[in-house]
Amino acid sequence: MIATIRALAALLLCIGLLSCTRPPDLIGIDNASAPARAVTEASRQKIFIATTREATEAIGVFYSGERAPDLGLSSVVVSIPPTHKPGMIERPKRLPPDPRTEFAVIEPAVYGNSNAFVAGINAELATRAPEDRDILLFVHGYNNTFTDSVLRIAQFVEDTNFSGVPVLFSWASAGKASHYVYDLNSALAARPQLLNTARMMRATRANGVDLFAHSMGSLLTVEALVEATVSNTPWSFTGVNNIMFAAPDIDLDLFKTQLRRIRGKTGNVFVFVSRDDRALMVSRRISGGVDRVGETDAAELSALGVTVIDLSEIDDSASGTHSKFAGSPEVVQLIGSSLEKDNFDTKVKPPTLVEVLNDVPVMQVLVPD
């Protein structure tokens, strides 16, 4: 009991303080003195959203941490300031945001059904060059508010220079460090709706899908993949370019069981790990000392049949050790290089994720035999 209390205290110290000092929610709040659309030097990312969160009329929130019975479908536009630096989220500490120097989230829209949602994505895909008509499906991690998750995917897409259409799957995280078990159950409860979202992605006119999941969102995603595999649902690894798990907060023994259930279908699965991930160290203590996948020895993990990218030597992350995938300019730009597609009309294959990351001496990339 004492060890558990100490672990919880450490969790609050390592990452929980963020929930106490988290800046205000931003959804739909523009600046009357300097409207986001008037800042012509700013870049903008339209984010499509499928969520298991409950809708709310609270100012700036849009979707709360409560669990909804049905899947919510919407979109927002994120304005990214011209002063933005890769790896950073220049989030305002007070409202309204100043889009000249800070992120702003404007134009929230709700779609009444899946057909309208798919049509909206198709319309956005049509604005891209043929070779760029891909979808990035992003699943956030533990202790994220809706605003947190929107800002993270927007920053990630911006810094990777992903030229396709981003789609956020936002499950009902409470956005509080003390609600770890609540978040765990919310993630697991969201499995059917993640599968529904994936079916909608297959119904679009996208060339393919890249799937990226972070932290506890990786647990949700792997569980959905297992469910899809064993139940022969339409969504499987077919049509997915890359499946990337960053700092997976998954019990290593559970992960081994999950991989056995989807054996033979892990050729395009990449796992980003880091031995200095402090959040996962705390998660391991809370979970009885069982290793988390995101801090596991790279060689041991590679032996399970997935490609492992060890980020332990990366030390330039603005978002801490648990979010190196997005907080390190070096890493985020390399991931972006792997997502780029060659000209649609050529037969020249783009570099694989392994080929791109192998060019960086401080990263260890282990490919399974």
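Both backbone and side-chain heavy atoms feed into the values below; hydrogens, waters and symmetry mates do not. Sequential numbering from 1 along the given sequence is applied to the chain's residues.
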Do [X] and [Y] have side chains that approach each other closer than 4.5 Å (heavy atoms only, starting at C-beta)?
{"X": "Leu71", "Y": "Met200", "answer": "yes"}
{"X": "His140", "Y": "Trp171", "answer": "yes"}
{"X": "Leu311", "Y": "Val273", "answer": "no"}
{"X": "Thr52", "Y": "Ser186", "answer": "no"}
{"X": "Gln45", "Y": "Phe162", "answer": "no"}
{"X": "Thr127", "Y": "Glu124", "answer": "yes"}
{"X": "Arg199", "Y": "Ser114", "answer": "no"}
{"X": "Arg275", "Y": "Glu313", "answer": "yes"}

What's the spacing between [X] [atom1] and [Y] [atom2] if we round to 0.5 Å?
{"X": "Ile250", "Y": "Asp291", "atom1": "CD1", "atom2": "CG", "answer": "13.5 Å"}
{"X": "Ile243", "Y": "Asn268", "atom1": "CD1", "atom2": "CG", "answer": "4.5 Å"}
{"X": "Leu73", "Y": "Ile49", "atom1": "CG", "atom2": "CD1", "answer": "10.0 Å"}
{"X": "Leu220", "Y": "Ser215", "atom1": "CG", "atom2": "OG", "answer": "11.5 Å"}
{"X": "Met88", "Y": "Thr83", "atom1": "CE", "atom2": "OG1", "answer": "10.0 Å"}
{"X": "Asp249", "Y": "Ser218", "atom1": "CG", "atom2": "OG", "answer": "8.5 Å"}

So, does [X] use its side chain to make a donor-acceptor pair with the main chain of [Y] at under 3.5 Å?
{"X": "Arg22", "Y": "Gly175", "answer": "yes"}
{"X": "Asp277", "Y": "Glu295", "answer": "no"}
{"X": "Ser170", "Y": "Phe146", "answer": "no"}
{"X": "Asp134", "Y": "Gly164", "answer": "no"}
{"X": "Asp98", "Y": "Arg100", "answer": "yes"}
{"X": "Asp159", "Y": "Val332", "answer": "no"}
{"X": "Ser287", "Y": "Ser283", "answer": "yes"}
{"X": "Arg133", "Y": "Asn207", "answer": "no"}
{"X": "Thr56", "Y": "Ala58", "answer": "yes"}

TODO: Taking side-chain hydrogen bond (donor to acceptor under 3.5 Å, both in side chains) as the test, write out the residues that go with Glu90, two or more places apart.
DONE: His84

TODO: Report the residues that fulfil side-chain hydrogen bond (donor to acceptor under 3.5 Å, both in side chains) with Thr51, sequence neighbours left out, ordered by chain and then residue number.
DONE: none

Smallest separation among heavy atoms of [X] and [Y], with atom names:
{"X": "Ser79", "Y": "Pro99", "result": "OG-CB, 4.2 Å"}
{"X": "Ala228", "Y": "Leu195", "result": "CB-CD2, 3.7 Å"}
{"X": "Val308", "Y": "Ser302", "result": "CG2-N, 3.5 Å"}
{"X": "Ile153", "Y": "Pro166", "result": "CD1-CB, 4.0 Å"}
{"X": "Ala326", "Y": "Arg152", "result": "CB-NH1, 3.4 Å"}

Task: Sequence neighbours excluded, every pair satisfying salt bridge (charged side-chain N to carboxylate O under 4.0 Å, His left out) that has a member inside residues 36-58 - done: Arg37-Glu107

Would [X] end up clustered with [Y] when hydrophobic side chains under 4.5 Å apart are linked, directly or stepwise?
{"X": "Ile106", "Y": "Val78", "result": "no"}
{"X": "Leu184", "Y": "Val222", "result": "yes"}
{"X": "Ile89", "Y": "Val61", "result": "no"}
{"X": "Met281", "Y": "Leu254", "result": "no"}
{"X": "Ile262", "Y": "Leu194", "result": "yes"}

- [ ] Report the C-alpha distance between Glu158 and Ser43 in whole Å, list the side-chain angles of each, state the deciding distance to 0.1 Å, and finish with yes or no for side-chain hydrogen bond (donor to acceptor under 3.5 Å, both in side chains).
- [x] CA-CA 8 Å; Glu158 177 75 10; Ser43 63; 2.9 Å; yes

Please work out which of the three classes, parallel, tilted or perpendicular, describes the rings of [Y] and [X], given edges at 30° and 60°.
{"X": "Phe212", "Y": "Phe156", "answer": "tilted"}
{"X": "Tyr180", "Y": "Tyr142", "answer": "perpendicular"}
{"X": "Phe117", "Y": "Tyr111", "answer": "perpendicular"}

Under 3.5 Å, is there a donor on one side chain and an acceptor on the other for [X] and [Y]?
{"X": "Ser149", "Y": "Asn144", "value": "no"}
{"X": "Arg260", "Y": "Thr257", "value": "yes"}
{"X": "Arg261", "Y": "Gln258", "value": "no"}

Open item on the list: Walk me through whether Leu26 and Leu95 qualify under side chain to side chain contact (heavy atoms under 4.5 Å, CB included).
Closed with: CA-CA 8 Å; Leu26 304 176; Leu95 299 177; 3.5 Å; yes

Task: Neighbour count above 12 (heavy atom, 6.0 Å) for Ile59 CD1 - done: no

Task: Step-by-step side chain to side chain contact (heavy atoms under 4.5 Å, CB included) determination, Ile135 to Asp210 - done: CA-CA 6 Å; Ile135 287 172; Asp210 288 294; over 6 Å; no

Salt-bridge test for [X] and [Y]: reply yes if a basic N is under 4.0 Å from a carboxylate O, no otherwise.
{"X": "Asp276", "Y": "Lys324", "value": "yes"}
{"X": "Arg91", "Y": "Asp148", "value": "yes"}
{"X": "Glu223", "Y": "Arg191", "value": "yes"}

TODO: Run the numbers on Ile121 and Met201 for side chain to side chain contact (heavy atoms under 4.5 Å, CB included), then give the verdict.
DONE: CA-CA 9 Å; Ile121 294 175; Met201 299 306 98; 3.7 Å; yes

Task: Asp183 vs Ser173, side-chain hydrogen bond (donor to acceptor under 3.5 Å, both in side chains): CA-CA, chis, key distance, verdict - done: CA-CA 5 Å; Asp183 274 18; Ser173 167; 2.8 Å; yes

Task: Evaluation steps, side chain to side chain contact (heavy atoms under 4.5 Å, CB included), between Asp25 and Thr145 - done: CA-CA 8 Å; Asp25 293 302; Thr145 65; 3.8 Å; yes

TODO: Determine the sole option in Val282, Asp251, Leu252 for which the side-chain contact (heavy atoms from CB on, under 4.5 Å) test with Arg292 is passed.
DONE: Asp251

- [ ] Pick out which of Val110, Val150, Val105 makes a side-chain contact (heavy atoms from CB on, under 4.5 Å) with Phe62.
- [x] Val110

